[in-house]
Amino acid sequence: MTKIDEPAKGVSLVYQCKLNVSTRTIAYLADLLRSHLKAIGSPFRSLPPGRIAVLVLAMLRHDQRLLDLAGGNGVPESTLRRWRDEMIGLLAARAPRLDRALRKIARQGGQVVLVDGTLIPTQRRTGADDRRNYSGKHHRHGLHFLALTDERGKLIWISAARPGRTHDATVARHDKIVEHLKAAGLGALADLGFIGVDKPDDLVIVTGYKSTRWRKLTPGQRSRPTRSWPPDAPRSNTASRT
């Protein structure tokens, strides 16, 4: 067999695909990039800010390969990687801090927040990171995030990315969720994955009861709370531990 290092010869085709994001999102990213370029005194880019925003969203939302995007838009792969990292840094700088986000909810009259972990699917990685990013719960590779929302489900804070195998309770302890909730005077509603994060005699995170083979739930423990979030939504399955 003859080994050939040259790429296959042929005609490169460029196709279109749909990106399910609003024009408001694209405009926000484009304005953010324009302000950054003006601040650093470097207004020139090989593509306009709006086009760069679309390419970055294609990488983040579709996990599109850099090499494919580079070839279809006439820019080097290294340039796309630099644009992606630049935009991520700008967005991260505008993300609210956990303590400030909770204090804002408290000032607005809120009493509880909703907390839950989620897995963002990713492609498999090579090397040691492959096993760390595999989630046994979801049976796929990804990155783990902990998200906090207000009573109506509006996102107010999201944690840093961690390996997909990370447990919700581990992230909650590492980010000191209980301490920040106490400082803001708020409580939290969560699923069974957060049992044991706070102390039994000083509950801050309210979860349901966990049934085992030897300990079945009573009718009262299986009951639903008297109030749902939001009030006009279907009643939650979360049961009180108090």
Side-chain angles (χ1 to χ4, degrees), residues 11-105 107-108 110 113-125 129 133 140-164 171 175:
V11 179
S12 298
L13 301 177
V14 178
Y15 64 93
Q16 294 180 339
C17 63
K18 185 178 181 180
L19 184 62
N20 291 322
V21 294
S22 64
T23 55
R24 180 180 179 183
T25 300
I26 297 175
Y28 176 81
L29 293 180
D31 291 341
L32 193 64
L33 180 58
R34 291 190 188 97
S35 300
H36 171 68
L37 296 179
K38 183 178 180 180
I40 65 176
S42 177
F44 177 76
R45 288 289 189 272
S46 57
L47 292 178
R51 184 76 174 277
I52 295 176
V54 171
L55 293 177
V56 171
L57 288 172
M59 287 182 274
L60 298 179
R61 293 293 298 270
H62 285 179
D63 201 14
Q64 189 72 39
R65 290 203 320 160
L66 295 179
L67 185 60
D68 296 337
L69 284 176
N73 292 273
V75 293
E77 181 182 356
S78 59
T79 300
L80 282 181
R81 184 178 294 106
R82 185 173 65 252
W83 288 347
R84 179 200 61 191
D85 296 343
E86 183 180 46
M87 191 68 73
I88 291 177
L90 294 175
L91 290 172
R94 297 184 63 87
R97 284 175 29 180
L98 176 57
D99 54 347
R100 295 175 181 175
L102 293 177
R103 286 200 299 266
K104 182 178 179 180
I105 294 296
R107 288 195 302 267
Q108 294 175 349
V113 295
L114 311 180
V115 56
D116 198 6
T118 185
L119 184 78
I120 304 299
T122 62
Q123 297 178 353
R124 292 188 59 177
R125 302 186 64 179
D129 290 334
N133 286 348
R140 68 168 305 161
H141 292 77
L143 295 175
H144 180 278
F145 293 87
L146 193 66
L148 268 69
T149 71
D150 62 11
E151 298 169 355
R152 296 186 177 273
K154 181 180 179 182
L155 183 65
I156 60 174
W157 178 82
I158 191 167
S159 71
R162 290 181 171 87
V171 180
D175 290 340

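Worth knowing before you read on, the calculation uses all heavy atoms, side chains too, and leaves out hydrogens, waters and symmetry mates.
Of all heavy-atom pairs between L155 and T149, the closest is CA-CG2, 4.0 Å. Counting all heavy atoms, side chain and backbone alike, P49 lies closest to A30 at CB-O, 3.8 Å. Of all heavy-atom pairs spanning G50 and I26, the tightest one is O-CG2, 4.0 Å. Counting all heavy atoms, side chain and backbone alike, L19 lies closest to L57 at CD2-CB, 3.8 Å. When all heavy atoms of Y28 and L91 are compared, the pair lying nearest together is CE2-CD2, 4.1 Å.
Expressed to the nearest 0.5 Å, how far CG of D68 lies from CG of L80 amounts to 10.5 Å. For the atom pair L148 CG and I156 CD1, the distance stands at 5.0 Å (nearest 0.5 Å). One distance of note links CG of L67 with CZ of R81; it measures 10.0 Å at 0.5 Å rounding. One distance of note links CG of L29 with CG of L90; it measures 9.0 Å at 0.5 Å rounding. Rounded to the nearest 0.5 angstrom, T79 OG1 and L66 CG are separated by 11.0 Å. Distance check, rounded to the nearest 0.5 Å: CZ of F145 to CG of L119 gives 9.0 Å.
With sequence neighbours left out, R140 forms a salt bridge (Lys or Arg N to Asp or Glu O under 4.0 Å) with no residue at all. A search for side chain to side chain donor-acceptor pair (under 3.5 Å) contacts involving T118 returns nothing, not counting sequence neighbours. Looking at residues two or more places apart in sequence or on another chain, you find a salt bridge (Lys or Arg N to Asp or Glu O under 4.0 Å) between D175 and R162. Residues meeting the salt bridge (Lys or Arg N to Asp or Glu O under 4.0 Å) test with R34, sequence neighbours left out: D31.
Within the 4.5 Å cutoff, the side chain of V75 has heavy atoms near those of the W83 side chain. When side chains are defined from C-beta on, L60 does not count as touching M87, because their heavy atoms never get closer than 4.5 Å.
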Counting only pairs under 3.5 Å, give me each side-chain donor-acceptor contact of residues 97-105, with atom names and distances, residues two or more places apart or in other chains.
from	atom 1	to	atom 2	distance (Å)
R97	NE	D99	OD1	3.3
R97	NH2	D99	OD2	2.7

message = One pair to check against side-chain contact (heavy atoms from CB on, under 4.5 Å): D150 and Q108. What are the steps and the verdict?
response = CA-CA 11 Å; D150 62 11; Q108 294 175 349; over 6 Å; no
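The stretch residues 82-91 participates, sequence neighbours left out, in these salt bridge (charged side-chain N to carboxylate O under 4.0 Å, His left out) pairs: R45-E86.
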